[in-house]
Amino acid sequence: GTPAKTDAAMYKDKQISGTYKTTAALNMRAGAGTDKKILQTIPKGASVTCYGYYNKTTTGTKWLYVAYKNISGYCSDSYLKKI
């Protein structure tokens with residue numbers, strides 16, 4: 001299979017840059033939304049890095065563009081806690 005193409009981030013906010021901990025086992029996806037392809041599942045309590053980029057779904061949920069173990073993708077900010 002070909003790797004999923006990750007959607008480009010549409011927004012940038014320097015204030016959200018930093019390290020986050022996952023509050024649950026979390027799917028990293030190729031774009032914002034639960035309909036997007038899952039790239040990997042990040043275990044609860046893992047640290048991910050956000051460089052300030054994100055997208056939003058039509059409902060307004062922010063999906064941060066994060067890096068974890070050399071893979072980058074989107075995670076819902078509902079399950080990320082800044083540390």
Side-chain angles (χ1 to χ4, degrees):
T2 50
K5 187 174 178 334
T6 305
D7 294 350
M10 304 301 230
Y11 306 96
K12 180 162 203 257
D13 179 352
K14 282 211 295 249
Q15 292 188 320
I16 65 170
S17 299
T19 304
Y20 290 78
K21 257 203 184 351
T22 56
T23 61
L26 189 55
N27 288 327
M28 177 187 281
R29 296 183 181 267
T34 53
D35 57 332
K36 303 291 183 175
K37 185 172 167 58
I38 296 170
L39 303 177
Q40 66 176 334
T41 301
I42 303 169
K44 179 180 179 179
S47 294
V48 300
T49 305
C50 178
Y51 298 102
Y53 294 96
Y54 68 97
N55 276 347
K56 285 192 282 205
T57 61
T58 50
T59 56
T61 304
K62 258 190 204 167
W63 285 68
L64 305 188
Y65 186 70
V66 299
Y68 176 73
K69 291 205 172 171
N70 297 330
I71 299 178
S72 295
Y74 292 89
C75 290
S76 168
D77 77 347
S78 308
Y79 303 98
L80 295 171
K81 185 179 160 86
K82 198 165 190 185
I83 53 174

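Numbering of residues begins at 1 and proceeds along the displayed sequence.
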I'd like to know if [Y] and [X] are part of one continuous hydrophobic network [Ile/Leu/Val/Met/Phe/Trp/Tyr, side-chain heavy atoms within less than 4.5 Å].
| X | Y | answer |
| --- | --- | --- |
| I38 | Y68 | no |
| Y51 | M10 | no |
| Y53 | L39 | no |

Does any N or O in the side chain of [X] come within less than 3.5 Å of the main-chain N or O of [Y], such that one atom is a donor and the other an acceptor?
| X | Y | result |
| --- | --- | --- |
| R29 | T34 | yes |
| K36 | M28 | no |
| T23 | Y79 | yes |
| T22 | P43 | yes |
| N55 | W63 | no |
| T57 | A32 | no |

State the [atom1]-[atom2] distance between [X] and [Y], to the nearest 0.5 angstrom.
| X | Y | atom1 | atom2 | result |
| --- | --- | --- | --- | --- |
| L26 | K44 | CG | NZ | 12.0 Å |
| C75 | N27 | SG | CG | 8.0 Å |
| L64 | Y20 | CG | OH | 5.0 Å |
| C50 | Q15 | SG | CD | 12.0 Å |
| K21 | L80 | NZ | CG | 11.5 Å |

**Minimum side-chain heavy-atom gap T6-S72 below 4.5 Å** =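 A side-chain contact is absent here, since even the closest heavy-atom pair is not under 4.5 Å.
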Of all heavy-atom pairs between [X] and [Y], which one has the smallest distance, and what is that distance?
| X | Y | result |
| --- | --- | --- |
| K5 | A30 | O-CB, 3.8 Å |
| I16 | K62 | CG2-NZ, 4.4 Å |
| G31 | D7 | CA-OD2, 3.5 Å |

**Prompt:** Taking the six-membered ring for Trp, are Y65 and Y74 ring centroids under 6.0 Å apart?
**Reply:**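 Centroid distance Y65-Y74: below 6.0 Å, so yes.
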